[in-house]
Amino acid sequence: MGHVRNYSIGDVIARYKRMRGFNVLHPMGWDAFGMPAENAAIEHGVQPAKWTYDNIAYMKKQLKRMGFSYDWRREIATCDVKYYKWEQWMFLKMYERGLVYRKNAPVNYCVKCQTVLANEQVEKGMCWRCGEEVIQKDLTQWFFAITKYADELYDFCDRLPGWPENVLAMQKNWIGKSYGVEVDFTTENGAPLTIFTTRPDTLYGVTFMVLAPEHPLSSTLSKGTSYERDVLSFVEKAKRQDRSFRGESSTRKEGVFTGRYAINPVNGMKIPIFVGNFVLMEYGTGAIMSVPAHDQRDFEFAKEYDLPIIVTISPHDRVLNPQNMEEAYEGDGVIVNSGQFNGMNNREAIPLIINYLEEKKYGKGTVNYRLKDWGISRQRYWGAPIPIIYCDECGVVPVPYEDLPVVLPLDLEVTVVGKSHLPECKEFVNVSCPKCKRPAKRETDTMDTFVESSWYFLKYTCADYDEGPLDKEKVDYWMPVDQYIGGIEHAVLHLLYARFFNRVLNDLGFVGVREPFKNLLTQGMVIKDGAKMSKSKGNVVDPDYLIERYGADTVRLFCLFASPPEKDLDWSDRGVEGSYRFLQRVWRLVIEQSASLKDLKGIVELQEMDDDAGLLVHLIHKTIKKVTEDIERFHLNTAIARIMELVNGIYRYIERERTQQKEKDLLRGSIEVVLHLLFPFVPHITTELWERLGKDIREIGSTWPGYNEKYVQEEKVTIAVQINGKLRDTCEVVRDIDEGLLKEIVFSRDKVKHYIPDRQIKKTIIIPNRLINIVC
RNA sequence: GCCUGGGUGGCGGAAUAGGCAGACGCAAGGGACUUAAAAUCCCUCGGGGCGCAAGCUCUGUACGAGUUCGAUUCUCGUCCCAGGCACCA
């Protein structure tokens with residue numbers, strides 16, 4: 001149902017824009033590779049390719065039944081070799097540019113899915129797909145160097161006004177940019193020990209240092225001291241500890257003294273070096289300076305191991321005494337105990353201290369990111385092969401461009417869930433080395449499916465192009481995507497990857513723009529009984545059943561009417577009935593009137609008619625205006641509400657039989673407007689009714705009604721009458737009434753007189769055509 | 001802890017720029033039509049009080065202050081909910 005909603009929103013916009021004369025690219029395609037398809041296929045004893053294409057056929061049928069106006073000539077399936085061939089080509093280009101590399105590293109591994117996951121694909125220590133706990137494994141894997149773009153991806157978040165705040169906040173959080181400084185401490189034997197800190201203003205308060213267990217010095221520093229044994233066993237233990245456990249802030253801070261000391265460059269102080277379980281090798285330099293007075297973690301550690309505390313920042317409202325501090329003071333204040341920087345405000349001092357460090361060559365200002373490179377190797381069959389060959393002689397050899405594509409064998413029998421069958425396929429694995437022609441082996445990991453979805457939107461612009469990866473002319477004609485619609489679940493997955501990939505392709509000269517998506521709309525989930533629809537919860541609503549029972553238009557209408565696009569939608573069977581009722585009401589209106597309206601021209605102008613007609617003319621024009629504005633700003637639910645009001649108004653108009661020619665012209669005109677406004681939401685019923693009115697069906701989807709501002713304004717307006725800010729009365733006057741006249745009318749009213757018996761009127765505020773407020 | 005959103009009837013939700021709170025729909029209650037039902041149509045519908053009555057009146061947009069002639073809307077503080085990040089130095 002979530003898809004139906006998403007696509008219904010997109011279809012309204014596409015149809016509306018077409019009606020307004022735009023050339024609209026509204027495509028559909030299939031993100032077809034991936035584990036769910038692979039596993040489902042195996043469970044059903046079918047080859048994944050067949051399974052996938054059968055599913056595509058089924059889905060396509062459903063989408064067509066829903067009446068979504070896709071340009072099927074641009075259809076893409078990412079498992080089609082014509083598509084992933086160019087992805088492999090891009091991989092090679094990125095390899096040449098050093099944007100793809102291979103390294104052995106601890107990676108996230110899902111035991112259930114039996115494959116590696118990128119950092120973005122781990123949610124709270126669990127696999128984003130299956131919810132299984134993710135473990136760490138040392139593996140040699142391929143990585144995309146997304147961190148090379150970290151800075152830009154972060155900064156451009158402030159240049160995406162068309163994106164929702166929360167998505168930008170999530171991306172910024174994920175990239176995690178922090179300004180600081182790398183400072184070189186030295187060990188006793190003169191070896192450098194570099195740390196990263198965001199608080200150089202506390203440098204004089206360092207009383208010890210802590211290394212991550214994985215830090216190279218952790219295992220070597222204590223050599224020859226009596227602490228060596230303890231340190232090594234601590235390191236071993238920490239490395240075995242569960243990472244998600246080690247990452248908990250509630251985990252007790254443990255450490256061990258290395259027997260060695262370091263020198264603080266700014267004050268020459270000799271400070272002990274520890275190895276600690278709470279320091280992360282992946283962040284900064286894997287080593288920290290510890291300032292227990294001003295960092296809570298360091299404070300806890302210092303208390304645990306009885307280490308000294310030196311205050312270097314004094315708060316404005318009290319004096320800190322290291323002896324009786326109960327927690328670290330992390331706030332701002334005046335610098336103390338810090339040589340030449342004493343007396344300064346700590347915030348203002350930070351840049352000066354960094355300057356000082358740089359001048360003295362003690363360190364340099366740095367920016368650190370939380371973002372890690374994107375691991376794209378997947379130990380799975382159903383994906384795009386990574387175009388790499390391993391040769392005993394030549395090492396890692398990229399597949400030559402002219403040998404592309406590396407085709408995923410489809411005749412392979414795939415029988416065991418969770419295991420990649422590619423390594424067993426001798427015809428695939430065994431090749432001759434492109435360099436030395438000796439026997440070599442292909443890479444058998446496939447690419448993360450997020451790679452496919454990182455550039456599909458570009459391929460839509462030139463789906464049939466095969467001379468190269470992309471037809472730049474077409475890409476530049478269409479890009480960027482004016483309106484992207486998707487779920488919030490992709491806030492840091494797909495949307496970050498796609499922004500990265502688009503930049504790479506921009507650098508490679510295939511795309512003219514830097515950012516792919518100008519405007520983003522994140523639609524809410526479809527909820528039933530208070531939970532997201534899922535098979536396991538048994539609260540799914542079957543679109544096929546609904547289409548069968550109510551028709552596609554009702555399903556579309558309800559999805560759009562029940563809540564604004566960006567909010568979650570509470571599924572309600574009763575609500576669906578309501579939408580169905582409304583469409584039947586429209587149907588009845590047209591069918592009942594169509595006989596008497598034959599051969600009339602629809603007119604929506606006022607021509608010497610009664611008040612009812614005047615009201616209807618006004619309502620028609622106001623509705624056109626409001627619906628137009630509402631669609632423009634994606635308030636599709638209120639747009640529908642407006643049209644409902646117009647339909648109600650037309651019914652009111654025909655309570656009295658309308659026999660005059662001009663009355664019937666107006667009635668017909670109003671009905672035509674309803675059908676036009678309703679068309680982007682419910683194309684089937686409106687097209688049918690349009691035809692029954694004897695009109696050309698090509699017309700309904702290609703024009704959008706205009707309104708006349710003259711009729712939008714009503715002749716008479718109701719003014720709210722307030723006395724001291726409280727509503728006491730309303731009165732009807734002609735539009736744009738003279739203020740003096742208005743006062744005269746208002747002051748002569750009994751109610752007003754009643755509320756201002758004999759008091760003096762201090763002032764009167766008039767908001768034209770809306771309100772008058774008498775202050776007394 | 002930090003960063004985003006958000007809190008309005010029984011429910012989903014309205015209220016472009018500070019100006020009649022509750023549009024539109026759902027549910028509920030009452031009525032009309034019908035032999036009956038369905039369908040359809042009409043009326044009522046935030047809460048309290050007064051009135052036989054048309055009506056009158058107080059109160060109300062999480063809570064408390066503030067700005068303003070006037071606040072659902074702006075400012076400050078508090079509480080709660082959802083999402084993201086979090087031993088990130």
Side-chain angles (χ1 to χ4, degrees), chain A residues 123-124 164-178 180 195-199 202 209-210 212 246-253 276-280 282-291 294-298 300-301 330 368-370 488-489 491-492 522 527 557-558 561-564 566-579 581-582 584-585 588 626 629-630 632-633 635 637-645 647-648 651 655 718-730 751 762-776:
Chain A
E123 292 171 348
K124 295 184 177 146
E165 280 301 321
N166 59 336
V167 175
L168 295 172
M170 283 161 83
Q171 294 228 344
K172 280 184 162 188
N173 271 344
W174 189 261
I175 297 167
K177 183 177 189 175
S178 53
I195 56 93
F196 172 77
T197 182
T198 55
R199 296 292 307 271
T202 63
M209 302 186 78
V210 189
R246 254 180 75 190
E248 289 287 319
S249 60
S250 53
T251 302
R252 211 167 65 112
K253 287 164 190 44
N277 64 345
F278 65 99
V279 179
L280 307 171
E282 308 89 85
Y283 189 79
T285 60
I288 61 165
M289 65 177 213
S290 287
V291 186
H294 305 296
D295 183 289
Q296 187 56 26
R297 293 156 302 181
D298 298 345
E300 286 170 30
F301 195 86
E330 297 183 333
N368 238 296
Y369 298 95
R370 208 193 72 100
I488 187 70
E489 67 272 19
V492 284
T522 47
I527 304 279
L557 190 71
F558 177 72
F561 178 65
S563 83
E566 66 280 4
K567 275 185 90 166
D568 286 348
L569 180 143
D570 242 316
W571 190 262
S572 150
D573 294 334
R574 298 282 201 170
V576 179
E577 292 277 352
S579 295
R581 267 203 296 269
F582 169 69
Q584 283 181 312
R585 206 164 135 79
R588 241 181 294 121
K626 292 276 192 187
E629 287 168 355
D630 280 354
E632 288 286 350
R633 56 190 184 128
H635 289 209
N637 55 331
T638 53
I640 294 166
R642 302 284 178 211
I643 304 172
M644 287 173 167
E645 282 179 287
V647 171
N648 292 344
Y651 267 104
E655 264 170 29
T718 307
I719 304 280
V721 180
Q722 291 187 344
I723 290 149
N724 290 327
K726 285 197 175 184
L727 180 74
R728 295 300 182 185
D729 197 7
T730 57
K751 271 196 176 174
K762 286 190 194 130
K763 66 172 161 176
T764 311
I765 291 130
I766 294 173
I767 308 295
N769 300 322
R770 286 187 159 255
L771 171 141
I772 175 166
N773 188 13
I774 303 157
V775 186
C776 56

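In what follows, every chain begins at residue 1, and chains take the letters A, B, ... in the order their sequences are listed.
Rounded to a whole angstrom, the distance from the P atom of A23(B) to that of A14(B) is 13 Å. A71(B) and C52(B) are spaced 40 Å apart, taking the C1' atom of each and rounding to whole Å. Going from the P atom of U75(B) to that of G6(B) covers 12 Å, rounded to whole Å. Comparing the P positions of G9(B) and G84(B) gives an interatomic distance of 27 Å, to the nearest angstrom. Here the separation of U16(B) from G66(B), taken at their P atoms, is 27 Å to the nearest Å. For the P atoms, the distance from C56(B) to A21(B) is 15 Å, rounded to whole Å. Separation of the P atoms belonging to U40(B) and C45(B) is 22 Å when rounded to the nearest angstrom. When the P atom is used for both U72(B) and C87(B), the distance is 42 Å, rounded to whole Å.
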> What one-letter contact string describes nucleotides 22-29 of chain B from 5' to 3', where B marks a base within less than 4.0 Å of any protein heavy atom, S marks contact via sugar-phosphate atoms alone, and - marks no contact?
Replying inline: -BBSSS--
>> I'd like to compare against my own output: the B/S/- annotation of nucleotides 65-76 of chain B with a strict under-4.0 Å heavy-atom distance to protein.
In response: ----B-------
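Note on His635(A): a side-chain N or O is less than 4.0 Å away from OP1 or OP2 of A15(B). The side chain of Arg728(A) places an N or O atom within less than 4.0 Å of a non-bridging phosphate oxygen (OP1 or OP2) of C58(B). Contact annotation: Lys726(A) side-chain N/O to U59(B) OP1/OP2 distance is under 4.0 Å.
Across every strand in view, C74(B) sits in a pair with G66(B) that passes the Watson-Crick or G-U test at under 3.5 angstrom. In this structure C26(B) sits in a base pair with G10(B), meeting the Watson-Crick or G-U test at under 3.5 Å. Using Watson-Crick or G-U wobble geometry with both donor-acceptor distances under 3.5 Å, C56(B) finds its partner in G49(B). The pairing partner recorded for G5(B) is C81(B), the criterion being a Watson-Crick or G-U wobble arrangement whose two distances lie under 3.5 angstrom.
A salt bridge between Arg642(A) and Glu645(A) is present, with a side-chain N of the basic residue lying under 4.0 Å from a carboxylate O of the acidic one.
Rounding to the nearest 0.5 Å places CG of Asn648(A) at 8.0 Å from CZ of Phe582(A).
Here the P atom of nucleotide U40(B) and the CZ atom of Phe582(A) are 14 Å apart, to the nearest Å.
Taking only distance into account, the side chain of Asn166(A) never meets the base of G5(B) through a donor-acceptor pair shorter than 3.5 Å.
Less than 6.0 angstrom separates the ring centroid of Phe278(A) from the ring centroid of Phe301(A).
Looking at the side chain of Arg770(A), the nearest of the listed nucleotides G19(B), A89(B), G12(B) is G19(B).
At least one cation-pi condition fails for Arg370(A) and Tyr283(A): the charged atom is not both under 6.0 angstrom from the six-membered ring centre and inside a 45 degree cone around its axis.
Projected onto RNA chain B by closest heavy-atom contact, Asp298(A) and Ala720(A) fall at different nucleotides, the more 5' of which corresponds to Ala720(A).
Base orientation for G9(B): syn, the chi torsion being within 90° of 0.
Counting non-hydrogen atoms of other residues, nucleotides and ligands closer than 6.0 Å to CZ of Arg770(A) gives a total of 12 or fewer.
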